[in-house]
Chemist: 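Starting off with a structure, shown below.
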There are 2 protein chains.
Amino acid sequence: MHLLIIGAAGMIGRKLVARLAAEPDCFGFDVDRLTLADVVEPLAPEPLKDVTTTRTLSLADPGAAESLVSGQQDTGRPDVIIHLAAIVSGEAEADFEKGYMINLDGSRFLFEAIRKEGLRQPYCPRLVFASSLAVYGEPFPEKIGDEFHLTPLTSYGTQKAIAELLISDYTRKGIFDGIGLRLPTICVRPGKPNKAASGFFSNIVREPLAGQEAVLPVEDSVRHWFASPRAAVGFFVHAVRLDTEQVGLRRNLTMPGLSARVGDQIDALRRVAGDKAVNLIRREPDAGIASIVSGWPRDFVPQRALELGFEAETRFDEIIHIHIEDELEGKLI
Amino acid sequence: MHLLIIGAAGMIGRKLVARLAAEPDCFGFDVDRLTLADVVEPLAPEPLKDVTTTRTLSLADPGAAESLVSGQQDTGRPDVIIHLAAIVSGEAEADFEKGYMINLDGSRFLFEAIRKEGLRQPYCPRLVFASSLAVYGEPFPEKIGDEFHLTPLTSYGTQKAIAELLISDYTRKGIFDGIGLRLPTICVRPGKPNKAASGFFSNIVREPLAGQEAVLPVEDSVRHWFASPRAAVGFFVHAVRLDTEQVGLRRNLTMPGLSARVGDQIDALRRVAGDKAVNLIRREPDAGIASIVSGWPRDFVPQRALELGFEAETRFDEIIHIHIEDELEGKLI
């Protein structure tokens with residue numbers, strides 16, 4: 001089987017490739033061709049080097065989607081496509097045209113390239129799409145169920161919600177076998193602190209574990225919805241393996257996660273790494289960030305995804321332990 | 001004020017123009033320029049002839065949206081835009097490319113033309129969009145509330161749901177002041193019986209009132225959601241006049257209507273026009289139509305629209321009386 005990952009150089013893309021390299025049968029089939037595409041050159045994993053092709057391109061480039069779908073002479077077209085490529089929320093909000101170009105048109109170019117390939121010669125690849133909680137916008141109930149409407153309050157969320165609608169329609173029409181996964185906020189996000197309004201949810205765990213100070217701009221009572229990077233990779237693996245007959249025509253699913261208050265995060269950090277770590281959290285209230293975060297969803301009842309076998313952590317302690325195992329070689333300083 | 005109606009030659013467009021001709025101040029402002037656009041040439045109403053420009057074009061034609069938005073030398077750009085243009089459900093389902101081209105790209109061309117006009121010179125017209133119950137797809141509860149998710153089961157419904165998302169986002173960004181109206185099934189639809197699966201809801205009233213036989217392909221127990229053409233015109237008029245500050249950021253509203261069983265329709269017909277009319281309904285069960293209709297929504301609680309002052313009929317008898325008044329010059333044969 002030929003697997004194509006678009007957005008392969010991003011955080012989830014890289015971790016997905018690493019999972020495949022470590023566990024070649026994780027998808028339940030033999031990956032005998034792997035194509036990794038991104039706007040920056042993706043890294044071919046050592047154990048899969050012989051079967052990997054890397055492509056440096058943007059879905060919004062003319063002909064890029066068609067070229068990924070038709071494949072190259074020696075690769076043929078992909079059987080499974082994991083579509084992670086996106087302009088992130090803040091950038092899509094700041095650059096309206098670029099956000100719509102990459103997140104809406106780029107996705108649609110991909111879906112249309114698949115449709116046109118199918119007109120040439122029957123084709124119906126599995127397509128797994130990374131959607132987002134940003135499809136939800138306040139006001140919402142304390143716990144959001146699977147039948148709550150999507151009223152995004154960002155252009156990014158709008159673009160993800162539109163791609164979700166297209167995925168359902170193209171799937172219904174038999175153009176591809178699509179599934180969209182609304183990812184929780186990924187925590188602990190590895191790497192450096194960034195300026196994303198959501199950054200502090202990871203910063204207040206990752207930085208203290210590395211002996212560094214972290215700034216907490218909101219109250220301890222702020223509640224949010226989390227899953228680890230490892231769980232996120234697991235969602236994509238499960239979605240590739242899933243018997244989509246069970247999914248029916250509603251192809252977009254809120255992924256499981258855990259709802260935790262910032263105070264719960266801190267309590268978990270104390271249990272795992274002690275007061276020494278917790279003392280590195282510096283409270284510096286920021287009304288701007290507090291206001292943005294107050295519009296985000298806090299809790300879900302992702303019944304359908306759970307019934308379909310998607311799994312995430314249930315305690316924040318687990319999320320911290322996973323970060324220590326996957327990013328810190330199992331060691332606390 | 002300059003009013004632009006796109007899709008002005010369709011049933012609702014024509015009735016809206018007739019309402020304006022009969023009641024020039026219905027929108028609460030003076031319409032000193034009226035542009036009527038459609039793919040077939042719209043008719044300029046006699047009393048408004050001097051201020052009316054007709055444009056025969058499709059939103060999907062290159063440059064058409066820009067030309068409508070910038071206006072012509074003597075008209076200037078529109079202050080209010082009513083966007084009714086669409087490929088209907090059956091055609092959008094049969095011709096995938098055409099449906100997406102007109103219903104998605106056409107709408108987006110219009111929204112983008114407004115955005116680009118605003119970059120040239122500040123601009124934020126009121127935009128009222130005709131959406132549809134087709135944004136809903138089964139399974140759903142017996143009564144659908146304002147917070148139920150959109151899971152269309154047709155390409156038409158998908159295209160309408162995408163336009164709704166764009167309307168909210170463009171409005172949030174201050175590009176236009178948009179509002180989307182999810183219209184009930186319009187009943188009694190004037191004209192000849194057509195092959196639309198929903199046609200019988202109107203046929204079984206309109207044809208007997210004209211002394212003609214009508215075919216009823218489903219059981220009396222089938223329930224559906226209705227408003228008269230007069231109510232539909234009223235929704236658009238109200239949406240143009242509405243103080244959109246009250247609407248907030250959720251710019252798409254399920255319009256009020258009444259939920260009636262086919263049996264309720266027939267009882268109302270009997271009360272209004274007697275057994276002579278009811279006896280012209282010929283029962284000819286059609287499993288195909290019954291199956292399509294079983295997937296349609298049956299009842300709503302359109303709380304937000306009601307609170308915002310949108311109004312529709314509350315008894316099916318009224319719907320029949322309106323048909324007699326508006327289409328039959330008040331006379332029963």
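Note that this is a predicted model, so its numbers are computed, not measured. Each chain gets a letter, A, B and so on, in the order the sequences are listed, and its residues count up from 1.
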Chemist: Quick one: do the A:Tyr156 and B:Asp169 side chains pair a donor with an acceptor below 3.5 Å?
Modeler: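 No pair is found: no donor N or O on one side chain lies under 3.5 Å from an acceptor on the other.
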
Chemist: Rounded to the nearest 0.5 Å, what's the gap from NE2 on A:His149 to CD1 on B:Ile144? Could you check?
Modeler: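 With rounding to 0.5 Å, NE2 (A:His149) is 13.0 Å from CD1 (B:Ile144).
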
Chemist: Is there a donor-acceptor pair closer than 3.5 Å between any side-chain N or O of B:Lys173 and the backbone N or O of A:Glu93?
Modeler: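 A pair under 3.5 Å: yes.
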
Chemist: Does a side-chain heavy-atom distance below 4.5 Å link B:Arg250 with A:Pro139?
Modeler: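 Yes - at least one pair of side-chain heavy atoms lies under 4.5 Å apart.
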
Chemist: At a 4.5 Å cut-off on heavy atoms, which part of B:Asp146 comes close to chain A: side chain, backbone, both, or neither?
Modeler: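 B:Asp146 touches chain A through backbone heavy atoms alone.
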
Chemist: In Å and rounded to the nearest 0.5 Å, what is the CD1 to OG1 distance from B:Ile167 to A:Thr158?
Modeler: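 Taking CD1 in B:Ile167 and OG1 in A:Thr158, the distance rounds to 12.0 Å.
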
Chemist: Taking the side chain from A:Arg172 and the backbone from B:Leu153, do they hold a donor-acceptor pair closer than 3.5 Å?
Modeler: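 Checking the backbone N and O of B:Leu153 against the side chain of A:Arg172, a donor-acceptor pair under 3.5 Å is found.
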
Chemist: Taking the ring centre of each residue, are B:Phe96 and A:Tyr170 less than 6.0 Å apart?
Modeler: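 Ring centroids of B:Phe96 and A:Tyr170 are less than 6.0 Å from each other.
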
Chemist: Can you find a pair of side-chain heavy atoms, one from B:Thr151 and one from A:Ser168, that are under 4.5 Å apart?
Modeler: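 Not touching, per the 4.5 Å side-chain cut-off.
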
Chemist: Report the option among B:Arg115, B:Glu112, B:Arg251 that has the most heavy-atom pairs separated by less than 4.5 Å from atoms of chain A.
Modeler: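 Of B:Arg115, B:Glu112, B:Arg251, B:Arg115 has the most heavy-atom pairs under 4.5 Å with chain A.
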
Chemist: If you draw a 6.0 Å radius around CD in B:Glu311, do more than 12 non-hydrogen atoms from other residues or ligands fall strictly inside?
Modeler: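 No.
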
Chemist: Decide if atom CD of A:Glu245 counts as having more than 12 heavy atoms of other residues, nucleotides or ligands within a radius under 6.0 Å.
Modeler: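 No, CD of A:Glu245 has 12 or fewer neighbouring heavy atoms, counting only those of other groups under 6.0 Å.
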
Chemist: How long is the straight-line distance from CG of A:Leu166 back to CD of B:Gln159, given to the nearest 0.5 Å?
Modeler: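 Result: 9.0 Å between the selected atoms.
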
Chemist: Look up atom CG in B:Leu150 and atom CG in A:Leu150, then write down how far apart they are to the nearest 0.5 Å.
Modeler: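 Output value for this atom pair is 7.0 Å.
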
Chemist: I need the minimum non-hydrogen distance between A:Asp105 and B:Arg108, along with the two atoms involved.
Modeler: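 So the minimum-distance heavy-atom pair works out to OD1-NH1, 2.7 Å.
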
